[in-house]
Amino acid sequence: MERETIITLERMVAIHAGKPGELLMLAEELMDHFGTIPEAAPALMQQLGLAAGEIQSILSFYHYPVSNTPVRCRVEVCGALSCHLKNSADLLHALCETFSAEPGVIKADSRLLISRSECLSHCDHAPTVSVNGENCAGADLPGLIARIREALS
Amino acid sequence: MKPLPASFLTGRPKIVGSPRLYDYYRSYPFSALRKARNMTAEGIVAELLASGLRGRGGASFPVGLKWQSVMQQAETVRYVVANGEEGEPGTYKDRVLLEQNPLAVIEALVIAGCTVKAERGYIYLNQNYRAIEKALLQLLQWLREEGRLRCVEGAGAFDIQVRRGRQRYISGEETALFRALEGRRAEPTGRPPYPTEQGLWGKPTVINNIETLASVSLIIERGDSWFAAIGPEHNHGPKLFSLSGDVARPDVIEADMSATLADLIGWAGGTVGTFKGAFVSGPSGRLFLPRDLSLPLTIQNGCGNGTVIVFNDTRCAVDLARQVTDFFHSEHCGQCLPGRESMKQAKALMDGLENQAALEPVLQHYQQLHAVLLNSSKCGLCSSGTGIVPALMQAFPADFARHLRHDCPICRAGAEVAA
Ligand SMILES: Cc1cc2nc3c(=O)[nH]c(=O)nc-3n(C[C@H](O)[C@H](O)[C@H](O)COP(=O)(O)O)c2cc1C
Ligand code: SF4
C-alpha cells in the first residue's frame, strides 16, 4: 500500500478512536473513499476499542470486502424478486459480457466490480442497477454501459 | 375502476435531490409540532390510541400502546428510532415517502421524543438511500440552528442522528436494528424483554416504521377522528402500497385498506399478461391467487407492510419458490439453531427438487420446517420466509410436477439465455 494511502487511512480511523459503536460508520466511510476496506484497516480499527476478532466478525457479517485492490467502479445489479421478474439475471450477464468481467470479482486492470445484490429498494424502476451508489434504471442498457465507461475513465 | 383516493402521505413532488430543499423547509408548516406543543404527553398518546393507528412496518402493533409502554418505564434514559431499513424485496414506499416529505418523519420523531422523554432519536436508513441521508442531514442542521428540534420551547436537549446501514435484510428487524446502531452484528435478540423495556443500548425505546411516523404527524395535525374515519373498522388511516412485478406502472399507491388487490393492480395500470398470483407483504407475506383479487388488503387479510409483487401466467412457480428460498437462506443470520438448520434444509429441498419422486413429501417437509420455526425461532425472518413456498406448491402443483419430470420449458428457456 502506498504511504499516502496509509496516512489517509490512519487519519480516517483516528476520528473514531475510543468509539466502538462507530465501527460501521467508519467502515462505510472507508467504502466511500476506497471502494473496499483496505487490508491494513482491521488492525488500525482496534483503536476504536474493539478486539481484532470482534472487528473481523462484524466486517464479515456485513459482507465488507477487505482488499487492497481499490474499486473504481462498483456495479450492483439487483437480483431480488421484483427485478428478477424484469430479467435482471440477463442484465447481469450482458454487463459482465460487455466488460469481460466475472460476477463478484474485481477486475484488476480496470478496477471494475460487477455483482448481484439483494433488493436495492427501487423496484418501481426494475431492473435496478447501482453504479457507485447511484441508482440507474437497468432497462436502458446502452445508457448504463455508457455510465459505467464514464465511471471507469 | 374505482377512482384513486386522495393522497395525504404522498403525492407531492420529489424534494430529495432537488434544489428546492430550502424552499420546502421554509414553507413546511410544522402544524403537528405546533399542536403538540400545547398537548400533554398523555394527550398525545390518547390521540394515537383513539386514531387506531397500527404500525406500518409489518407487525401492525398499535402505536399508542407502544409509546405508552415506554412512558411507563422506570428507566429515564430513552430513545426513539425511525426504521427506514426497507430491505424486504419489493418494498420501496418509505423511500418514496422520504423523498417527498422527509420533514413529516422528522416532525413525528420530535413529537415521539418529547412524548416519551427521549434524549435522542435515530433515523436508520437503507444503505442505498444516500440522497435521502444527505437531505435529512441538511434539514436537521437547519432545524438545529433554529432550535426547532424540540416540542416545547426551551425544553431539554433532544437531537436526531441519521445512520445509513449496511445492506442486510435482517437489520430491519427491530432488535437487530438496535445492534446495528450500536455498531455490532445485526443479530436479533429474544423477547422478552421487549424494545419498549430494553431496546437500544438496553434502554426503553420506541421504534416505528417511517410510514407509521408520517401517519403520526397527520393524526396530530388533523385529529384522531379524521384518521379513524378513513378505511374499514380496525384498519384506519391511509396506507401506502408498493406495487411491482408484472404490472404496467409499478408505483407506490396510497389508498385506504378497503382497496382490493384488483383495485391496486388497476391503479398500477393493470397486470401485464394474465394475473397468476401476488406476494402480498412481499416474499415473507401471503400468496394471493386469482380468487383473492376481490379481497381488501386489510391487516386481517395480511397487507403487512403493503408490498405487492404481481406475477403473470408466464412465470414458473418453482422459479419463484427458488428465488424466495435463496433470499431467506442468504439473508438469515444463522444465530439460532432452528433458523440455521431449517434454512439449510429448505434450500436443499428446493435445490434437489428434480431428484424427488413426488411433491407431497417435499411439501410436508417444508411445512414442518415452517411449523418448527413458528414455535422456536428467535425472530420472524426464517419463519416468515418459509410460509409462502408451501403455498406455491399447493397452488401450482403442475409447475412443480414439470420440474419433477425435468421438463419445464419456462425455466429451461431462462437457463439457456443465461448460459
Ligand atoms: C426480518 C425482518 C425485517 C424487518 N424489516 C423491517 C423494515 O425494513 N422496516 C420496518 O419498519 N420494519 C421492519 N420489520 C418490523 C420491525 O421489527 C418492527 O416491527 C417495526 O419497525 C416496528 O415499527 P411499526 O410498529 O411502526 O411497524 C422487520 C421485521 C423482520 C422480522
Ligand atoms: S430465526 Fe433466522 S434470522 Fe432470526 S435469529 Fe434465528 S437464524 Fe437468525
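Throughout, a chain's letter reflects where its sequence line sits, starting with A, and its residues are numbered from 1.
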Does any heavy atom of chain A fall under 4.5 Å from the side chain of [X], the backbone, both, or neither of them?
{"X": "B:Q323", "result": "side chain"}
{"X": "B:S242", "result": "neither"}
{"X": "B:L243", "result": "neither"}
{"X": "B:R130", "result": "side chain"}
{"X": "B:V247", "result": "backbone"}
{"X": "B:A268", "result": "neither"}
{"X": "B:R249", "result": "neither"}

Under 4.5 Å between any side-chain heavy atoms of [X] and [Y], yes or no?
{"X": "A:H84", "Y": "B:D319", "value": "yes"}
{"X": "B:Y169", "Y": "A:E118", "value": "no"}
{"X": "A:I58", "Y": "B:R179", "value": "no"}
{"X": "B:V310", "Y": "A:L85", "value": "no"}

Heavy-atom pair with the smallest gap, counting every atom of [X] and [Y]:
{"X": "B:R185", "Y": "A:Y62", "value": "C-OH, 3.6 Å"}
{"X": "B:G90", "Y": "A:C123", "value": "CA-SG, 3.4 Å"}
{"X": "A:L24", "Y": "B:A180", "value": "CD1-O, 3.4 Å"}
{"X": "A:S82", "Y": "B:G245", "value": "CB-N, 4.5 Å"}

Measuring from B:Y92:OH to A:L120:CG, what's the distance to the nearest 0.5 Å?
14.0 Å
Rounded to the nearest 0.5 angstrom, the NE2-OG distance for A:H125 and B:S244 is 12.0 Å
Using heavy-atom distances under 4.5 Å, tell me whether A:E28 contacts chain B through its side chain, its backbone, both, or neither.
side chain
Taking atom NZ as the centre, does A:K107 end up with more than 12 heavy-atom neighbours from other residues, nucleotides or ligands that are less than 6.0 angstrom away?
yes
Considering residues, nucleotides and ligands other than A:E102, do more than 12 of their heavy atoms fall under 6.0 Å from its CD?
no
Determine, for B:R95 against A:D124, whether the closest basic-nitrogen to carboxylate-oxygen distance falls under 4.0 angstrom.
yes
Does the side chain of B:N128 come under 3.5 Å of the side chain of A:S121 through a donor N or O and an acceptor N or O?
no
[options]: which one forms the most heavy-atom pairs within less than 4.5 Å of chain B?
{"options": "A:S60, A:A80, A:G21, A:S130", "answer": "A:G21"}
{"options": "A:M25, A:K19, A:H122", "answer": "A:H122"}
{"options": "A:A27, A:S57, A:A94, A:C78", "answer": "A:S57"}

Pick from [options]: which one has the most heavy-atom pairs with chain A under 4.5 Å?
{"options": "B:A186, B:G282, B:P250", "value": "B:A186"}
{"options": "B:F311, B:F279, B:W201", "value": "B:F279"}
{"options": "B:R164, B:Q167, B:E88, B:E86", "value": "B:Q167"}

cation_pi(B:R168, A:F61) dist<6.0 Å, angle<=45:
yes
